[in-house]
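First comes the structure, then the notes that go with it.
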Amino acid sequence: MDYDFKSIESKWQAWWAANKTFKTVLDNSKPKYYVLDMFPYPSGAGLHVGHPLGYIASDIFSRYKRLTGYNVLHPMGYDAFGLPAEQYAIQTGQHPEKTTTDNINRYRSQLDRIGFSYDWDREVRTCDPGFYKWTQWAFLKMFDSWYDRSMQKARPIACLTEHFAKEGTAGVDAACSQDLDFTAKQWNAMDEKEKSDVLMNYRIAYQGETSVNWCEGLGTVLANDEVKDGLSVRGGFPVEQKKMTQWQLRVSAYAGRLLDSLDKLAWTDSLKEMQRNWIGKSEGCEVVFDTVCGEKHLPITIFTTRVDTIFGVTFMVLAPESDLVGELTTPEQAEAVADYVKQVKKKTERERIAETKTVSGVFSGSYGINPLTGERIPIWISEYVLAGYGTGAIMAVPAHDSRDYVFAKTFNLPIVPIIEGCDVSEQSFDAKEGKMCNSGFLNGMDVKEAIERAKDYVEEKGLGRRKTNFRLRDAIFSRQRYWGEPFPIYYKDGIPTPLPESALPLELPEIESFKPAANGEPPLSRAKDWTYDGYPLEKSTMPGFAGSSAYYLRYMDPHNDNALVDKDVDAYWRDVDLYIGGTEHATGHLIYSRFWNKFLYDLGYVCEDEPFKKLVNQGMIQGRSNFVYRIVGTNTFVSLGLKDKYETTEIHVDVNIVYNDRLDLEAFKAWRPEYADAEFILEDGEYICGWAIEKMSKSMFNVVNPDLVCDTYGADTLRLYEMFLGPLEQSKPWDTKGIDGVNRFLKKFWRMFYDRDNWLVTDEEPTAAELKSLHRLIAKERADIEAFSFNTTISAFMIALNELSALKCSKRAVLEPLVILLSPFAPHIAEELWHALGHEDSVTFASFPEYVEAYTAEDSCTYAVSFNGKTRFTVDLPKSADKDEVEARVRSMEQTAKYVNGLNIIKVIVVPGKIVNIVVK
RNA sequence: GCCCGAGUGGCGGAAUGGUAGACGCGAUGGACUCAAAAUCCAUUGUCCCUUAAAGAUGUGCGGGUUCGAGUCCCGCCUCGGGCACCA
């Protein structure tokens with residue numbers, strides 16, 4: 001009987017589905033293990049071989065964990081709201097729900113062919129009202145919460161209103177958009193609208209005016225991570241800065257905690273570093289500078305991390321968007337300033353990025369007073385200072401900051417060095433090292449010491465205070481789109497009012513066209529009766545990251561209609577033990593999800609404050625494109641090795657008609673009508689194609705569909721091969737070159753059991769050599785899987801199989817454990833053989849075999865053998881050997897005899913466990 | 001510019017500081033076959049050499065530590081990724 005993967009794979013896939021083999025239930029008698037994949041956005045293109053890479057790895061790990069006694073939660077679902085479906089809807093008029101469902105079905109059938117052990121009863125779709133009910137619910141909770149900085153947690157807004165009614169803002173330390181100051185009396189005198197406006201300043205989900213990335217092409221605002229180089233990531237439309245009122249999430253309130261708890265996560269250092277950079281903590285100082293604008297005095301606050309350089313301040317700079325610009329511009333400069341501000345506003349984000357090297361700015365006409373020296377310094381306005389960071393105003397120290405330096409050089413402002421011996425004639429001295437000079441009481445101090453001393457001084461004299469700033473901004477949470485979660489908010493007399501929980505889910509209404517409505521209004525303004533209780537409902541929808549922020553919690557309890565997740569269920573599954581996905585979500589989903597989880601944790605809805613304990617980033621699978629070379633002006637194609645003899649054009653050719661870089665000529669002729677009468681110049685009778693590593697995409701004709709691999713080699717081979725390709729984390733090109741190797745391995749494995757029509761397995765006792773192979777493999781597999789080194793696990797399997805097949809070992813006592821060992825990697829063939837061995841239950845429920853120390857122990861250590869101090873060779877000797885035994889062994893070795901041939905051994909020195917030195921003459 | 005990560009045969013890639021190149025692909029030779037496919041066996045870093053033995057050399061470059069370095073340290077080069085006026 002041959003290894004017939006087709007019938008085996010479809011048979012067991014059907015059997016698993018019928019028996020619900022992978023159904024997971026809460027089981028307090030077993031330890032839990034939660035393995036999660038980043039759920040896919042079901043795009044119209046379907047899966048290519050790169051997508052399943054992480055899914056295969058997580059599936060192997062899930063199956064392995066089940067074999068080692070864990071109750072494993074391993075679910076899958078779809079991130080189904082989003083722009084592409086909507087763009088497609090706008091172009092074709094098809095309802096996004098329909099295309100999304102179609103795409104999901106396609107994904108599902110592709111996933112099913114690979115033999116994943118998902119519990120499909122737990123599937124979630126973010127566009128399903130039963131799911132987005134809980135996205136909306138979480139939003140309502142955020143709307144109804146504020147962040148108490150003194151307690152470092154989110155609390156119900158009711159606590160805050162109570163406090164306001166009694167004491168006003170006194171004693172409130174809240175994360176807010178703007179520092180407010182009012183008394184209880186003032187608060188109590190406010191009307192509904194005023195109170196609503198005040199509370200917006202504190203809510204965790206709030207509405208506020210902000211400078212947003214407006215994308216005209218898409219008709220919506222975008223988050224920073226949806227914009228790259230001034231273009232939208234989806235669609236590549238230009239993006240400009242615009243002030244708009246938008247729903248936002250006060251993610252910035254959590255910046256400190258998001259940063260601190262990174263330390264306890266088992267994520268890669270590079271990913272943690274990315275998040276650290278994104279959060280961007282900088283510890284410094286706010287300092288108040290008095291300013292003189294004509295007759296007017298106006299104190300302005302700046303932020304700096306280098307207070308120590310305050311004696312080197314020679315000017316100040318305001319961001320063009322800063323409110324202070326208006327206040328500090330003198331009449332003489334008014335026109336110049338207005339021109340400049342107008343000019344800056346006109347520029348798109350893209351142009352601003354492109355022009356970072358050119359320096360621009362204008363003098364405001366006002367002066368600041370250095371609080372330490374009393375010196376009068378000019379105040380400038382320049383776009384190199386950002387309105388959104390710090391206070392939008394800086395003190396400039398050109399001698400020790402490269403940006404200030406360039407500015408000073410351009411506008412001829414003085415440069416005063418305050419660190420001994422530094423040369424600032426060509427460039428600034430930015431390093432935090434050296435001794436201070438020209439700096440009053442700081443003179444002679446080391447820079448690091450001076451920073452601390454200066455901060456103390458500023459605080460003692462009441463000139464400012466220590467301050468930690470973060471780069472992390474609040475997340476803009478509304479999108480002017482249709483295909484997303486509606487906000488559970490209506491406007492009662494203009495006051496944003498939350499829907500009652502009982503009204504959730506607020507379902508997306510049907511509309512006729514998905515285009516933005518007139519004057520930039522969101523598509524939902526086309527909906528009839530988009531009202532609640534007679535009042536208009538919010539018309540924007542939530543962004544893509546809303547639905548993906550807490551989906552891992554919903555998998556725990558997907559059918560619960562009364563809670564996002566039941567308390568007891570959450571207490572069992574707790575958090576994701578292993579999360580597998582790409583690095584592209586480092587500063588998007590993975591930040592928002594952590595924020596969302598911490599918020600739910602603060603309110604007591606979940607029991608862990610971090611959602612993803614361990615995170616593994618699978619690399620990207622790149623495409624390997626193939627080229628043919630057409631001789632210019634002909635329909636003749638020349639093979640790679642001969643192409644330099646002709647003038648040729650390089651043309652992408654479908655990789656599916658190329659095998660090991662050899663072109664299938666007939667398939668090529670059939671590929672496109674214009675090639676039907678193509679002619680070829682071959683080398684050695686073959687057409688060799690050129691190749692290049694590129695992104696896997698339709699336009700490069702390098703997309704490899706996993707279905708095709710399943711057809712030709714089977715899912716087990718696909719799974720093994722994707723893992724065998726190299727380390728999981730590494731990006732690598734898809735190249736089918738080596739796939740025959742793992743396929744051969746499976747065939748060979750099969751032949752241990754079947755020889756044509758004969759069942760070979762016997763009940764004989766295995767020999768010591770056979771047991772050695774088996775037990776070494778078990779030990780290796782356990783260690784390697786735990787370390788996510790799947791490629792070496794497969795190598796070890798191949799070695800063991802070669803050894804055992806050389807021994808013609810078809811003994812049940814050896815093969816049965818081998819089947820279990822193979823089952824995480826190649827579940828179909830393992831299931832087939834497991835049943836052939838007489839088991840009725842799935843191999844899923846078997847136990848991972850134990851290894852016996854005696855067969856696996858490494859009991860030798862390596863000695864370096866040297867002659868007169870020069871090492872000649874090394875030798876492995878038993879660890880147990882004593883000094884004399886080692887000496888005797890080494891003296892008797894053939895190699896020793898070779899090196900001392902014709903010489904006398906004077907003395908042998910043995911350093912236990914390390915060196916044997918033989919002194920010769 | 002700043003912060004990570006990586007450089008090993010024809011290729012993908014292995015190597016707790018201890019025989020570099022495991023395992024796989026490819027290639028070459030052979031067995032089986034009318035033939036092919038499949039399968040099996042052998043060889044396969046480079047150089048010197050007709051071949052072999054034997055040797056030399058060899059993990060991006062230059063130094064260092066060590067009896068011993070792909071691995072650790074210092075200084076470069078190249079490639080990949082992230083951030084990018086964040087004061």
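Each chain gets a letter, A, B and so on, in the order its sequence line appears, and its residues count up from 1.
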May I ask you to decide if the ring planes of A:His589 and A:His585 are parallel, tilted or perpendicular, using 30° and 60° as cut-offs? perpendicular
Verify the contact: side-chain N or O of A:Tyr389 to OP1 or OP2 of B:rA87, cut-off strictly under 4.0 Å; return yes or no. yes
Can you check the distance between [N] and [M], where both ends of the measurement are the [atom1] atom (answer in whole Å)?
N      : M      : atom1 : value
B:rU71 : B:rG64 : C1'   : 15 Å
B:rU66 : B:rG82 : C1'   : 37 Å
B:rA84 : B:rC77 : P     : 25 Å
B:rG45 : B:rU19 : C1'   : 15 Å
B:rA54 : B:rG17 : C1'   : 30 Å
B:rA69 : B:rC3  : P     : 31 Å

Return whichever of A:Arg744 or A:Pro733 has its heavy-atom-nearest nucleotide of RNA chain B closer to the 5' end. A:Pro733
Of A:Thr792 and A:Ile394, whose nearest nucleotide on RNA chain B comes first from the 5' end? A:Thr792
Are any non-hydrogen side-chain atoms of A:Glu781 and A:Phe825 less than 4.5 angstrom apart? yes
Got A:Val397 and A:Arg306 here, is their nearest side-chain heavy-atom distance under 4.5 Å? no
Checking all strands, does A:Leu725 fall into the base, sugar-phosphate, or nothing category for heavy-atom contacts under 4.0 angstrom? sugar-phosphate
Under 4.0 Å between any heavy atoms, over every strand shown, what does A:Asn802 touch: base, sugar-phosphate, or nothing? Just pick one. sugar-phosphate
Calculate the interatomic distance between A:Asp735 atom CG and B:rG13 atom C1'; express it in whole Å. 13 Å
